[in-house]
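Residue numbers run from 1 in the order of the sequence given. We use all heavy atoms of the structure for the numbers below, so side chains are in, but hydrogens, waters and symmetry mates are not.
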Amino acid sequence: MLIGETIPAMRHVSGPRLGRVIAAAVFMSGSASAGCAERQSDHAVIVVDAPVALADRPVHMRIEGLVPDDEVIVSATAPDHQRRQWRGQATFRADSRGTVVLDEARPISGTYAGADGMGLFWSMNPPTGDPEQAIFGPRFPELESSYPVQITVAAHGRLLARQTLTRRWLADGVTHKTFTVSADEISGELFLPPAGTGRRPAVLLLGGSEGGNSFKYEAALLASHGYPSLSLAYFGEKGLPATLQNIPLDYFARAARLLARQPGVDPARLVAAGVSRGTEAALLLGQNHPDLVHGIVVYAPSSIVIAGFPNRGVAWTANGRAIEQGSIPLDRVDGPVLAIAGTEDALWTAANSARVITAKLDALHKGVSHQALIYQGAGHKVATFPYLAAGTRPRHPATGAAINLGGTRAANAAAQQQGWPKVLAFLADMER
């Protein structure tokens, strides 16, 4: 077993060497005198390596053309699903060349601290309200394929440069289909890689107590990386139970079989990926249907069956019988398991559960790789892909009550930035 050492929450501080200008914007001002121009920047060039990129891909930016040692404000703004403009902002001092390299520069002040090339993205704040109680949800009606992020550079009350980046959910050629209970006996959103990709591992995504179909972003991105993915709702949608109570495992098995039949899916390499309460479902599905599930990813996991939510009672059933609360058996799980958790999870001891799950699997299944990744300072929001702003004390979407997820925004962002590539590597390893 590879139980990760507690991983410091270090943000990305380096990236591939930037080429020449791929996207740049320059604003000139002729109002400054020659004397002022020597002391104050009157123009800037934004250099970015990927002005159009998948939403889970980091971009590497630098600001050029500044007066050495001048202070500039770099901002990133993006609209959420309510069309509110969220903003991340930082003040930097240009180096001796008149350049600010965002991967390397430490802000003097701003919405984040420390060198982090994507800090402007994950540290965005809403225009009103407490950022710790808000979660940035980009517009995704009718499965829009992207959302914009505007980068600006300003100094001394003047706008020096502006550049709009496009953050994509779907790579070219990715297709989408909606399943409904009435037509398909499941509720979910299926994303398939471009035709001709070949038979690949597929991912069944299971959300938590928020209910509904909450992981279509992840499914879209995974398909964009070449992995057919189905985001499955199991309560809180039309035709499904209203709450997390008496959810039959057969429902998940039905979804897994449907996913296994899709074009480009290798049915011998199907992965169940769960978040929070969805980790119980993923582990129970792997235990009860090892013929369907061949790998498992669990974020902020529970190693035990918990009561239903929010009204307690029975959460899960199998063959019409209640699955009793208590330790989840794992003796029939067939395939590798990746467990990801934060040390400061305030909902439950997810880090301990991750260790328990992988240790138990190691004892039961010799020669199979199971891994626990434990991120220092991160909370329950350790999942999933990086670079979207999220607070640590949001209101629960099902109950409306404020909840403390633990950790910090910075530590969660670092965990997501480091953990998501591990999930992609896990899927790549499933192909070998």
Side-chain angles (χ1 to χ4, degrees), residues 140 176-191 202-220 222 228-262 265 270-293 295-325 328 333 347-348 380 383-384 396-399 403:
F140 204 22
H176 163 252
K177 180 179 179 180
T178 297
F179 293 113
T180 63
V181 174
S182 59
D184 309 290
E185 298 186 292
I186 69 161
S187 176
E189 304 285 347
L190 173 71
F191 294 85
V203 185
L204 179 64
L205 288 154
L206 310 175
S209 64
E210 72 281 353
N213 198 326
S214 54
F215 282 85
K216 55 183 177 284
Y217 295 106
E218 287 80 358
L222 287 171
S229 297
L230 173 60
S231 173
L232 184 70
Y234 55 92
F235 75 95
E237 286 284 352
K238 185 177 180 180
L240 296 175
T243 61
L244 202 171
Q245 288 184 297
N246 296 304
I247 309 298
L249 285 188
D250 185 59
Y251 175 79
F252 300 105
R254 185 182 307 124
R257 293 188 186 99
L258 188 153
L259 177 57
R261 294 194 299 267
Q262 299 305 309
V265 171
L270 194 145
V271 174
V275 176
S276 189
R277 292 302 302 267
T279 64
E280 297 171 53
L283 292 169
L284 289 168
L285 183 63
Q287 170 69 10
N288 287 268
H289 294 278
D291 58 318
L292 295 175
V293 175
I296 300 173
V297 176
V298 286
Y299 277 105
S302 171
S303 61
I304 63 174
V305 172
I306 306 173
F309 182 86
N311 302 317
R312 301 191 62 79
V314 174
W316 320 101
T317 66
N319 301 317
R321 297 181 178 180
I323 296 178
E324 300 296 332
Q325 295 181 47
I328 298 175
V333 169
L347 290 191
W348 56 62
H380 203 71
T384 52
H396 196 286
T399 67
I403 52 173

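- Expressed to the nearest 0.5 Å, how far NZ of Lys177 lies from CZ of Phe191 amounts to 13.5 Å.
- Side chain of Tyr299 to backbone of Ala273: no donor-acceptor contact under 3.5 angstrom is found.
- Between Gly274 and Ala282, the shortest heavy-atom contact is N-CB, 4.1 Å.
- Of the candidates Thr317, Val314, Leu249, Leu249 is the only one forming a side-chain contact (heavy atoms from CB on, under 4.5 Å) with Ile323.
- Two residues are said to be in side-chain contact when any heavy atoms from C-beta on lie closer than 4.5 Å; Val305 and Leu284 meet this criterion.
- Residues Phe309 and Thr243 form no side-chain contact, since every pair of their non-hydrogen atoms from C-beta on lies 4.5 Å or further apart.
- Looking at Ser231 and Asn213, their side chains do bring a donor and an acceptor atom within 3.5 Å of each other.
- Residues Leu292 and Arg257 meet the side-chain proximity criterion, which asks for heavy atoms closer than 4.5 Å.
- With contacts defined as side-chain heavy-atom distances shorter than 4.5 Å, the pair Leu244/Trp316 qualifies.
- Residues Ala233 and Gly212 come closest through the heavy atom pair CB-O, 3.4 Å.
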Original post:
Glu210 and Phe215: side-chain contact (heavy atoms from CB on, under 4.5 Å), yes or no, with the steps?
Top reply: CA-CA 11 Å; Glu210 72 281 353; Phe215 282 85; 3.5 Å; yes
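- Tested against Leu206, the residues Val298, Leu232, Val275, Thr279 include a single side-chain contact (heavy atoms from CB on, under 4.5 Å) partner, Leu232.
- Residues Leu222 and Leu205 are in side-chain contact: their nearest non-hydrogen atoms beyond the backbone lie under 4.5 Å apart.
- Note: Asp184 CG to Leu258 CG = 6.5 Å, rounded to the nearest 0.5 Å.
- Residues Leu204 and Ala255 share a closest heavy-atom pair of CD1-CB, 4.1 Å.
- For the residue pair Ile403 and His396, the shortest heavy atom distance occurs at CD1-CD2, 4.0 Å.
- Taking 4.5 Å as the limit, some side-chain heavy atom of Pro241 sits within range of a side-chain heavy atom of Ile247.
- A pairwise comparison of heavy atoms in Gln287 and Pro290 identifies O-CD, 3.7 Å as the closest pair.
- No donor-acceptor contact under 3.5 angstrom links the side chains of Glu237 and Ser187, judged on distance only.
- With rounding to the nearest 0.5 Å, the separation of OH in Tyr251 from CD in Glu185 is 10.0 Å.
- Taking CG of Leu283 as the start and CD1 of Ile328 as the end, the distance is 5.0 Å to the nearest 0.5 Å.
- Under a cut-off of 6.0 angstrom, the local environment of CG in Asn311 is crowded, with over 12 non-hydrogen atoms contributed by other residues, nucleotides or ligands.
- Taking CG from Leu230 and CZ from Phe179, the interatomic distance works out to 6.5 Å, rounded to the nearest 0.5 Å.
- Taking Glu280 as the reference, Arg277 meet the salt bridge (charged side-chain N to carboxylate O under 4.0 Å, His left out) condition, with sequence neighbours excluded.
- Judged as a salt bridge (Lys or Arg N to Asp or Glu O under 4.0 Å), the pairs with a partner in residues 238-252 (not counting sequence neighbours) are, in order, Asp250-Arg254.
- In this pair, His380 and Trp348 present their aromatic rings perpendicular. The plane angle is above 60°, beyond the 30 to 60° band.
- Taking all atoms of both residues into account, the shortest heavy-atom contact from Phe235 to Ala242 is CD1-O, 3.6 Å.
- Summarising the geometry, atom OG belonging to Ser302 is positioned 11.0 Å from atom CG belonging to Leu347; distances are rounded to the nearest 0.5 Å.
- Panel note: side chain Gln245, backbone Arg312; a donor-acceptor pair is recorded below 3.5 Å.
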